[in-house]
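Some notes on the structure that comes next.
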Amino acid sequence: MPLTPELYQEILLDHSKHPRGQGLLAAPAYRAEAENPEAGDKVRLTLETGADGTITAVGWEAAGSAVLRASCSLMGERIRGLTVPEAQALAERFRSFLTGAEPDEAETDYWEDVAALGGIRHLPPRVKCAMLPWRALLAVEGE
């Protein structure tokens with residue numbers, strides 16, 4: 001089912017008002033921070049991994065816009081079950097999704113609910129907000 005502008009808005013509002021994974025993890029295997037000083041946005045990211053190296057839990061704290069909080073929440077759901085290198089490759093792909101050519105329906109299907117963030121792709125300041133947790137993911141360091 002293609003995502004309509006109304007569905008984009010509904011998904012973003014849901015993840016902003018009811019964020020998943022908010023709060024830092026007590027004993028993370030990985031952590032990172034990223035900020036956008038122009039907007040005053042900041043995000044702290046923590047990841048736990050299982051014995052097989054896959055991400056089992058994502059925790060975060062964010063100060064900034066509703067788009068930033070929704071992006072943190074959506075990213076956390078999307079990367080669970082991936083290895084850190086797989087999640088980082090996904091972050092690079094997400095950057096292309098937000099900043100590249102208009103995605104086709106197959107690409108929006110690939111992103112599942114994260115595709116809702118594609119609705120802001122023509123608003124550069126909002127793209128920076130949406131990318132911030134993904135930038136933190138690209139910078140994760142082990143404990």
Side-chain angles (χ1 to χ4, degrees), residues 1-100 102-103 106-143:
M1 171 177 80
L3 291 174
T4 64
E6 295 81 19
L7 188 53
Y8 281 139
Q9 178 128 1
E10 184 180 318
I11 291 168
L12 292 180
L13 284 173
D14 179 49
H15 277 269
S16 177
K17 290 180 179 181
H18 309 287
R20 286 69 151 173
Q22 189 171 21
L24 298 177
L25 302 173
Y30 298 89
R31 67 176 60 237
E33 296 182 15
E35 65 180 294
N36 177 3
E38 295 169 10
D41 294 342
K42 295 181 182 179
V43 65
R44 294 171 56 196
L45 177 66
T46 54
L47 306 174
E48 288 180 3
T49 54
D52 63 355
T54 61
I55 298 167
T56 56
V58 178
W60 55 271
E61 286 182 343
S65 69
V67 170
L68 171 59
R69 289 188 309 278
S71 186
C72 289
S73 179
L74 287 159
M75 181 191 74
E77 287 192 331
R78 185 65 175 85
I79 66 172
R80 201 168 289 113
L82 302 177
T83 64
V84 170
E86 289 169 340
Q88 289 175 322
L90 191 69
E92 289 292 351
R93 186 171 177 182
F94 181 68
R95 182 188 327 244
S96 296
F97 171 74
L98 276 189
T99 61
E102 197 68 34
E107 182 70 358
T108 57
D109 288 349
Y110 170 79
W111 286 106
E112 301 165 352
D113 281 357
V114 177
L117 291 163
I120 54 98
R121 56 186 294 125
H122 300 294
L123 305 168
R126 297 292 110 206
V127 169
K128 287 181 181 181
C129 295
M131 272 304 304
L132 198 58
W134 300 83
R135 281 185 33 223
L137 177 59
L138 289 168
V140 294
E141 296 179 4
E143 292 293 290

| query | Do Glu38 and Lys128 sit within salt-bridge range, that is, some charged N less than 4.0 Å from a carboxylate O? | reply |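 Yes, Glu38 and Lys128 are salt-bridged.
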Close side-chain approach of [X] and [Y], heavy atoms under 4.5 Å:
X      : Y     : result
His15  : Glu77 : yes
Arg135 : Val43 : no
Ile11  : Leu74 : yes
Ile55  : Thr83 : no

| Would you say the side-chain atoms of Gln88 pair up with the backbone N or O of Leu137, donor to acceptor, closer than 3.5 Å? | yes
| query | Within 45° of the axis and under 6.0 Å from the centre of the six-membered ring of Phe94, does NZ or CZ of Arg78 qualify? | reply |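 Ring-cation test returns no.
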Shortest non-hydrogen separation from [X] to [Y] and the atoms involved:
X      : Y      : answer
Gly50  : Thr56  : N-CG2, 3.5 Å
Ser16  : Pro19  : O-CD, 3.6 Å
Ala130 : Leu98  : CB-CD1, 3.8 Å
Pro133 : Leu68  : CD-CD1, 3.6 Å
Glu33  : Ala136 : C-CB, 4.3 Å
Trp134 : Ala91  : CE3-CA, 3.5 Å

To the nearest 0.5 angstrom, please state how far the [atom1] atom of [X] sits from the [atom2] atom of [Y].
X      : Y     : atom1 : atom2 : result
Leu47  : Ile79 : CG    : CD1   : 5.0 Å
Ile120 : Leu12 : CD1   : CG    : 8.0 Å
Leu25  : Tyr30 : CG    : OH    : 13.5 Å
Arg44  : Glu61 : CZ    : CD    : 5.0 Å
Leu132 : Arg69 : CG    : CZ    : 13.0 Å
Asn36  : Ser65 : CG    : OG    : 9.5 Å

| said: Under the criterion side-chain contact (heavy atoms from CB on, under 4.5 Å), I'd like the reasoning laid out for Met75 against Leu90: C-alpha separation, chi angles, the key distance, then a yes or no. | reply: CA-CA 10 Å; Met75 181 191 74; Leu90 191 69; over 6 Å; no
| task | Classify the side-chain pair Thr54/Arg80 by whether it contains a donor and acceptor separated by less than 3.5 Å. | result |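 Side chains of Thr54 and Arg80: no pair found under 3.5 Å.
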| message | Looking only at side-chain N and O atoms, does Trp60 offer a donor or acceptor that is under 3.5 Å from a partner on Thr46? | response |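 Absent: no donor and acceptor within the cut-off.
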| query | Do Val127 and Val67 pass the side-chain contact (heavy atoms from CB on, under 4.5 Å) test, and can you show the C-alpha distance, the side-chain angles, and the key distance before you say yes or no? | reply | CA-CA 9 Å; Val127 169; Val67 170; over 6 Å; no
| said: Evaluate Asp14 against Arg20 for salt bridge (charged side-chain N to carboxylate O under 4.0 Å, His left out), listing each step before the verdict. | reply: CA-CA 10 Å; Asp14 179 49; Arg20 286 69 151 173; 2.7 Å; yes
| message | Can you tell me how the ring of Trp111 sits relative to the ring of Phe97, calling it parallel under 30°, perpendicular over 60° and tilted otherwise? | response |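 Taking Phe97 first and then Trp111, their aromatic rings sit tilted (interplane angle of 30° to 60°).
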